[in-house]
Amino acid sequence: MPRRNAPELFIPEPRLRPGDKPDFSNLDIPPVGVLDKPDEMVDFTEIPEHARSMIRVLDDDHKAKGAWDPHLDPETLRGGLRNMLKTRVYDERMHKMQRQGKMSFYMKCTGEEAVAVAQATALRPSDMLFATYRQQGLLITRGHSMLDMMCHCLSNSRDYCKGRQMPIFYTWREGNYFSISGSVGTQFSQAVGWAMAAAYKGQDDIACTWVGDGTTAEADFHYALTFAAVYRAPVILNVVNNQWAISSFQGIAGGISATFANRGRGYGLPGLRVDGNDFLAVYAATQWAADRARRGGGATLIEHYTYRADAHSTSDDPSKYRPRKEWEAWPLGDPIERLKNHLIVLGEWSEEQHEQLRKELEEEVAALFREAESYGTLHTGPRPDINLMFEDVYEEMPLNLRRQRQQVGV
Amino acid sequence: MTSMNMIQALNSAMDCLLDRDPNVVIMGEDVGYFGGVFRATAGLQQKYGRQRVFDTPIAEGGIVATAIGMGVNGLRPIAEIQFSDYIYPAIDQIVSEAARLRYRSGGEYYAPITIRSPCGGGIFGGQTHSQSPEGIFTHVSGLTTVMPSNPYDAKGLLIAAVESNDPVLFFEPKRIYNGPFDGDPNKPAEDWSRHEGGDVPEEYYSLPLRQAAIVREGADLTVITYGTMVHVSRAAVERSGFDAEIIDLRTLVPLDIETITKSVHKTGRCVVVHEATRTGGFGAEILSQIQEDCFWDLEAPIERVTGWDTPYPHAFEWEYFPGQERVLTAIEKVMGA
Ligand SMILES: Cc1ncc(C[n+]2csc(CCOP(=O)(O)OP(=O)(O)O)c2C)c(N)n1
Ligand SMILES: [Mg+2]
């Protein structure tokens with residue numbers, strides 16, 4: 001029998017649902033430049049505000065402000081802009097091609113481009129990346145062949161995953177980029193192990209890894225923080241808080257009562273909460289955490305505060321669970337627009353150049369896609385060799401698989 | 001009777017359960033407001049309220065663990081694991097906890113939970129949206145493992161599973177959510193409306209667990225299967241021209257060995273078909289039980305048709321999937337044809 005005054009089972013619920021008018025006036029977005037930039041080796045207990053407030057550099061007037069301004073040269077800024085735009089153009093093309101049935105599935109990172117692109121810009125090429133499916137900007141920034149990326153997504157005769165993986169589960173060993181898993185979160189603690197090995201070997205390369213807000217609930221997130229803290233592993237642990245995990249808002253992952261960045265503190269790790277749509281802030285926080293890790297200060301947990309602008313994947317329809325056009329009301333804007341406007345204010349870029357760049361990238365990506373298609377698509381044209389189905393299960397193929405391969409007739 | 005697809009039948013089962021028993025709750029990733037990525041719980045939160053149908057954090061181990069705790073405190077949770085490929089983070093809670101709770105506590109405690117999870121391939125889901133992991137759980141005593149092959153069974157068996165005081169793993173072959181699938185991907189998709197298994201009463205009913213169904217009677221050979229492969233086997237049998245008896249296991253463990261042995265005793269020939277990988281698959285268990293109980297009835301070695309011993313490969317979906325041809329070859333082989 002329920003007793004009066006007994007607690008009730010609380011089920012978190014987002015404020016707005018389909019049909020409601022987008023409104024983020026409840027969000028507490030701290031002004032630009034309020035946080036100081038401590039020495040990288042600071043004791044984590046001394047910077048509690050950095051895990052609760054927000055590191056921001058780009059202001060509404062498009063100028064860079066405050067202690068966290070990384071003072072990047074215009075060349076680097078234009079490179080970042082280009083890589084973000086290229087990522088978006090790539091996503092748009094691939095999404096469209098999925099809709100035409102050329103591949104089984106696709107996932108965009110629209111609105112979140114700054115996270116991957118700024119971080120790959122701030123890290124060294126030899127640092128090891130353990131990403132999720134939503135950081136394609138890492139590959140693009142590190143210069144992975146876009147043709148290879150497309151051929152993988154098309155599962156065609158040139159797919160380096162050999163036809164075995166769904167689209168977007170890239171792998172690129174040469175680029176120090178770890179094979180993406182379909183089981184969310186697993187890479188987060190693996191990255192810590194990689195970093196422990198780097199320390200063991202006396203390398204000063206670090207690991208960098210990502211999970212979404214929703215995935216912080218998985219045990220792997222907690223393994224990662226525990227092991228990273230215990231062994232002072234040189235790793236950057238990123239939570240990309242894009243507010244949604246498929247249809248579940250971040251409150252279902254525990255985001256209502258405390259920030260994700262603040263979780264680091266419970267494990268003895270510094271937490272930084274960053275405006276994830278601010279290229280400069282993401283760059284600066286990453287650089288800080290990387291320096292700390294390289295100097296032996298161990299891991300940092302960074303929360304990137306952003307918004308998933310589009311559907312979770314091509315299998316999802318967000319109009320069923322959140323207001324339409326909510327992204328347009330997102331108070332932290334569009335990362336590409338913000339960096340573009342910053343460059344314009346600096347006198348280093350113009351709307352015309354931007355349009356020109358977009359056109360160039362669209363043509364480049366479309367041409368690459370045509371080339372990729374000549375190697376086949378999921379359902380037409382050349383396919384990966386069927387023998388590949390049985391290879392790489394083991395280093396050496398066992399008898400049962402050799403027999404099964406014979407049954408397939410190859 | 002109404003025509004329902006499997007999603008609607010499952011939804012209807014959960015609707016009946018929520019309506020009859022205030023202790024039934026539904027939990028899982030995206031099952032609440034949205035109604036699940038396959039829409040199995042669509043409308044149920046709106047009808048029964050947030051406390052009875054709710055989203056969980058993305059933590060399969062946490063989902064099963066809290067379901068066990070709720071079950072110990074008198075609730076009857078239905079936990080959805082979004083894809084059976086994502087059940088592994090929950091293995092410890094299922095195997096070490098739910099399965100053995102009754103045994104280790106001398107019968108004091110038990111876990112009256114049902115874990116629903118879409119399984120199987122045929123949708124180009126690659127290795128993390130296509131697996132058939134039932135064999136991992138059939139190896140664990142204390143668990144009941146169920147896999148329906150049509151909407152009517154799905155509803156009746158889900159109701160029985162939830163009402164069972166033992167933990168039940170309820171695997172739903174997602175390829176046949178919308179219609180039966182005979183293994184030929186080039187044929188236009190069929191829906192359930194023209195299949196007898198698509199006739200589903202709207203009201204409450206349950207079907208017994210631990211009981212196989214004979215979906216086709218026959219005298220020449222016995223085909224033992226479950227899930228999607230029931231439909232593939234049926235099509236292969238029609239093509240073979242042999243008078244096969246087809247057994248749909250429905251509950252894998254505890255196994256209805258009597259229905260199997262009766263049939264094999266009659267036919268003397270047998271083919272076992274499942275989509276899951278071969279080595280250590282549930283088919284191996286069926287084979288050895290038949291060998292133990294029916295050795296002297298057998299007129300030919302038993303054949304097994306299964307998925308290959310590889311992860312589920314995205315681009316080779318139809319080379320991997322054990323389709324009609326492979327079932328047909330096995331039938332012809334045991335018939336000596
Ligand atoms: C272990 C596991 N459980 C469930 C899923 C299904 N799934 C794929 S993505 C996703 C949501 C992840 O959300 P979040 O971590 O916030 O990342 P985002 O997609 O927003 O980038 C879920 C539940 C999965 N892939 N793996
Ligand atoms: Mg998210």
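Per chain, numbering begins at 1; letters A, B, ... match sequence-line order. Being a predicted model, the structure only gives us computed values, none of them experimental.
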For [X] and [Y], which heavy atoms make the closest approach, and how far apart are they?
X	Y	value
Ala315(B)	Arg383(A)	O-NH2, 2.6 Å
Met389(A)	Pro313(B)	SD-CG, 3.5 Å
Asp317(A)	Phe34(B)	O-CE1, 4.4 Å
Thr128(B)	Gly182(A)	OG1-CA, 3.6 Å
Arg164(A)	Gln127(B)	O-NE2, 3.2 Å

Does any backbone or side-chain atom of [X] lie under 4.5 Å from a heavy atom of chain A? Answer side chain, backbone, both or neither.
X	value
Thr329(B)	neither
Glu317(B)	neither
Phe83(B)	neither

Is [X] close to chain B through its backbone or its side chain, or both, or neither, when contacts mean heavy atoms under 4.5 Å?
X	result
Phe105(A)	neither
Ile11(A)	both
Ile246(A)	both
Asp159(A)	neither
Pro18(A)	both

If you count every heavy atom of other residues, nucleotides or ligands that lies below 6.0 Å from [X] atom [atom1], does the total exceed 12?
X	atom1	answer
Arg324(A)	CZ	no
Gln100(A)	CD	yes
Arg403(A)	CZ	no

Hey, does the side chain of Gln404(A) reach the backbone of Asp309(B) with a donor-acceptor pair shorter than 3.5 angstrom? yes
Check whether any side-chain N or O of Tyr33(B) sits under 3.5 Å from a backbone N or O of Arg322(A) as a donor-acceptor pair, and report yes or no. no
Would a 4.5 Å heavy-atom cut-off, applied to side chains only, mark Arg326(B) and Gln407(A) as touching? no
Validation row: Arg405(A), Trp308(B) side chains within 4.5 angstrom (heavy atoms): no
Tell me whether the rings of Phe124(B) and His379(A) are parallel (<30°), tilted (30 to 60°) or perpendicular (>60°). perpendicular
For each of Pro311(B), Gly125(B), Pro89(B), tally heavy-atom pairs with chain A at distances under 4.5 Å, and name the one with the top tally. Gly125(B)
Considering heavy atoms only, which positions within residues 210-221 of chain A lie below 4.5 Å of chain B? Gly214(A), Thr215(A), Ala217(A), Glu218(A)
